J.: 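Okay, handing you the structure first.
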Amino acid sequence: MTKSKTQIVELKGVGKQLAHRLARLNIFEIKDLLFHFPTRYQDRTQLQSIRYLKPNEEAVIEGVMTLVTKPSHGRTKLLCELQDETGKLHLRFFHVLSFQFNILQIGTRLRCYGTVRLGQKGLEMFHPEFQVITADNLIPMEEHLTPIYPATEGISQHMLRKLSLQALTWMQNSFTDLVPQTLLQTLPRLQEALHFVHQPPSKINLSTLMNYQSPAQKRLIIEELLAQRISLLQLKKTIQQQTALALPLHETIIQQFIQSLPFQLTTAQSRVLKEVQTNLIQSHPMLRLVQGDVGSGKTIIAALAMLQAATNQYQAVLMAPTELLAEQHYHTMQKWFAPFSIEVVLLTGQTKARAQTLQMIENGKAKIIVGTHALYQEKVIFNQLALIVIDEQHRFGVGQRDLLRKKGEKCEYYPHQLMMTATPIPRTLAMSFYADLDCSTIDELPPGRTPIITSVMANHRREEIIARIREACQQGRQVYWVCPLIEESDVLTCQSAIATADMLQHNLSELKTGLIHGKLRAQEKENIMRAFKLGEIKVLVATTVIEVGVDV
């Protein structure tokens with residue numbers, strides 16, 4: 001079949017203007033309509049008597065218009081009385097087009113669908129969908145549940161249903177199911193599944209549909225997951241065909257670096273490091289996700305990868321989601337790389353010597369660059385960017401990561417990418433959603449780490465928690481009290497944290513309580529974290545600014 005026969009304008013009633021509106025829904029071809037699934041369904045298969053209607057339920061009713069008025073006050077433009085053999089109901093319209101005024105007349109028989117409300121005149125429907133019933137136009141009742149689609153301005157549900165019906169007809173001779181039946185087992189074929197979700201039979205349970213439990217929906221879930229995995233594998237293949245800077249290992253320097261650390265690498269760290277190093281010596285870009293619990297040692301893996309770039313005289317960048325975490329990474333990297341005369345710089349929104357830092361990045365003097373979102377701004381020009389490390393990768397969008405990646409494309413090569421997360425991702429889920437990534441897991445904590453115990457306590461036992469905090473601090477330990485983000489507002493979060501800090505300082509007057517949140521200046525945050533690290537602050541009240549692995 002030629003491509004032109006699949007375009008949306010081939011459907012009856014679709015001109016350039018409607019095609020433009022459909023494009024806002026990502027519908028460009030006829031097959032896009034088939035995969036534009038309903039978000040919910042309405043049951044319009046049964047006619048209900050007005051007498052038995054209840055407020056807040058959706059219903060189909062049919063009757064004759066017995067009264068039509070145009071109120072002179074208020075929002076209502078047209079108020080109609082509809083009567084059947086059992087009772088009457090009012091139809092209230094706030095917006096009426098001229099042709100609708102001509103239709104909505106006394107004596108007209110209407111079939112209406114809408115939500116029943118209890119109003120000033122008794123039972124009412126606001127702006128119901130309606131059809132005119134005449135002797136020459138005896139419209140049959142719906143045989144299927146009525147789909148409700150995601151829509152946009154200028155496209156009605158009625159229009160989407162008409163187009164979807166056309167698409168279902170087109171599908172019968174124009175669609176091929178590529179999934180073998182052996183994989184589907186007892187599940188329906190693709191055409192049958194698509195027909196079902198657009199026109200489900202009235203006998204199907206609505207809760208089954210809304211919970212995606214029907215065989216047809218399970219078949220489409222398989223289709224979506226399979227398409228997702230294939231597209232990611234295709235992306236991975238494309239990436240592997242791109243050119244990257246090969247970063248040979250300088251074994252002597254690597255060993256010196258490891259020996260200079262105040263700790264030994266665990267078996268899991270050594271295994272993951274080997275996987276990363278093997279990727280970096282290749283001439284196609286690495287795209288690897290390293291996951292591991294907080295404290296499992298992901299940062300040292302990142303540092304050793306960055307060392308592999310720096311010893312080859314290339315640049316490596318580490319991007320963190322918050323300034324606080326970026327600052328801590330910067331100080332850690334400075335300490336680790338100083339003995340090897342490798343220049344480390346920090347670039348955030350608060351960087352003071354910005355011009356000097358940007359110059360060091362552009363002329364290549366800075367080999368290790370640590371920062372936040374500021375790294376992918378237009379003014380940031382890298383010299384030879386060979387490696388990108390993204391900490392807490394789930395906190396960054398794909399577009400944000402891609403902006404930074406494009407910084408390394410000016411020399412016709414692509415930087416290696418190493419992403420880190422403490423969010424546990426089961427292997428099967430990682431295979432599905434990160435098929436374009438190689439995944440490594442640090443599944444071993446350094447020796448001496450005690451297991452983490454998570455307990456849930458009711459709010460009325462808050463005094464017990466405060467007593468346990470006092471006891472723990474008297475034994476030389478410290479406490480985080482994290483105020484979660486209740487609403488998308490830094491201001492509200494700060495107020496919550498401030499109130500909590502005041503409460504704890506009042507109840508634990510013998511202990512020093514600190515407060516940290518995203519509204520504080522960088523220097524204030526650094527001073528508070530330093531005091532906490534030194535043990536001067538015993539209880540630290542914090543917002544989710546510290547959820548991304550603060551180094552204490």
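Keep in mind that what you see is a predicted model, and the values were worked out from it rather than measured.
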J.: Tell me which donor-acceptor pairs under 3.5 Å the side chains of residues 276-289 have, and how far apart each pair is, sequence neighbours excluded?
T.:
residue: T278; atom: OG1; partner: K274; partner atom: O; Å: 2.7
residue: N279; atom: OD1; partner: R288; partner atom: NE; Å: 2.6
residue: N279; atom: OD1; partner: R288; partner atom: NH2; Å: 3.0
residue: Q282; atom: NE2; partner: T278; partner atom: O; Å: 3.3
residue: R288; atom: NH1; partner: S440; partner atom: OG; Å: 2.6

J.: Can you list the steps and then say if R461 with E464 is a salt bridge (Lys or Arg N to Asp or Glu O under 4.0 Å)?
T.: CA-CA 5 Å; R461 299 179 64 187; E464 292 180 44; 3.0 Å; yes
J.: Quick one: do E510 and R470 satisfy salt bridge (Lys or Arg N to Asp or Glu O under 4.0 Å)? Show the steps, please.
T.: CA-CA 9 Å; E510 72 277 20; R470 179 182 287 107; 2.7 Å; yes
J.: Show your working on side-chain contact (heavy atoms from CB on, under 4.5 Å) between N56 and V116 and close with a plain yes or no.
T.: CA-CA 5 Å; N56 301 318; V116 180; over 6 Å; no
J.: For W336, which of T299, L307, L304 qualifies under side chain to side chain contact (heavy atoms under 4.5 Å, CB included)?
T.: T299
J.: Is it true that, when you exclude R468 itself, more than 12 heavy atoms of the residues, nucleotides or ligands shown sit nearer than 6.0 Å to its CZ?
T.: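 No, the 6.0 Å shell around CZ holds no more than 12 heavy atoms from other groups.
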J.: Assess, by modelled atom type and distance only, whether the side chains of Q217 and S214 contain a donor and an acceptor separated by less than 3.5 Å.
T.: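 Per modelled atom types, Q217 and S214 side chains form a pair under 3.5 Å.
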J.: Hey, is the main chain of I369 close enough, under 3.5 Å, to the side chain of Y330 for a donor-acceptor pair?
T.: no
J.: Of the non-hydrogen atoms in V541 and C483, which two are nearest, and what is the gap between them?
T.: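 That closest heavy-atom pairing would be CG1-SG, 4.1 Å.
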J.: If I compare all heavy atoms of P447 with all of T266, which pair ends up nearest, and what's the gap?
T.: CD-CG2, 4.4 Å
J.: Centroid separation under 6.0 Å, is that true for the rings of F37 and Y149?
T.: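 No, they do not, as the ring centres are separated by 6.0 Å or more.
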J.: Give a yes or no on whether the backbone of N211 and the side-chain of Q213 come within a donor-acceptor separation of less than 3.5 Å.
T.: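 Side chain of Q213 to backbone of N211: a pair is present.
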J.: Would the number of heavy atoms belonging to other residues, nucleotides or ligands and lying under 6.0 Å from CD of Q356 be above 12?
T.: no
J.: Give every donor-acceptor pair under 3.5 Å between a side-chain atom in residues 218-225 and any protein atom, sequence neighbours left out.
T.:
residue: R219; atom: NE; partner: P188; partner atom: O; Å: 3.4
residue: R219; atom: NH1; partner: E223; partner atom: OE1; Å: 2.9
residue: R219; atom: NH2; partner: D177; partner atom: OD1; Å: 2.9
residue: R219; atom: NH2; partner: D177; partner atom: OD2; Å: 3.3
residue: R219; atom: NH2; partner: E223; partner atom: OE1; Å: 2.9

J.: Should the heavy atoms of other residues, nucleotides or ligands under 6.0 Å from CD of Q256 be counted, would the total exceed 12?
T.: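 More than 12 heavy atoms, drawn from other residues, nucleotides or ligands, come within 6.0 Å of this atom.
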J.: So does K367 get a backbone contact from the side chain of Q315, meaning a donor-acceptor N/O pair under 3.5 Å?
T.: no
J.: With sequence neighbours excluded, tell me which residues meet side-chain contact (heavy atoms from CB on, under 4.5 Å) with I148.
T.: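 For I148, the residues satisfying side-chain contact (heavy atoms from CB on, under 4.5 Å) (neighbours in sequence not counted) are R40, Q42, Q157, R161.
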J.: If you take all heavy atoms of I537 and V539, which pair is closest and at what distance?
T.: CG2-O, 3.3 Å
J.: Does some side-chain heavy atom of L358 sit less than 4.5 Å from a side-chain heavy atom of L347?
T.: yes
J.: With distance as the sole test, does H416 use its side chain to make a donor-acceptor pair with the main-chain N or O of A244 at under 3.5 Å?
T.: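 Such a contact is absent between H416 side chain and A244 backbone.
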J.: Which residue, Q269, Q291, M420, forms the side chain to side chain contact (heavy atoms under 4.5 Å, CB included) with K298?
T.: M420
J.: Say whether D443 and T441, considering side chains only, have a donor N or O and an acceptor N or O under 3.5 Å apart.
T.: no
J.: Examine distances only and state if a side-chain atom of Y414 and a backbone atom of A386 form a donor-acceptor pair shorter than 3.5 Å.
T.: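 Flag not set: sc Y414 to bb A386 has no pair under 3.5 Å.
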J.: Is it true that a side-chain atom of Q505 and a backbone atom of L511 form a donor plus acceptor pair closer than 3.5 Å?
T.: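 Side chain of Q505 to backbone of L511, a donor-acceptor pair under 3.5 Å: yes, one is there.
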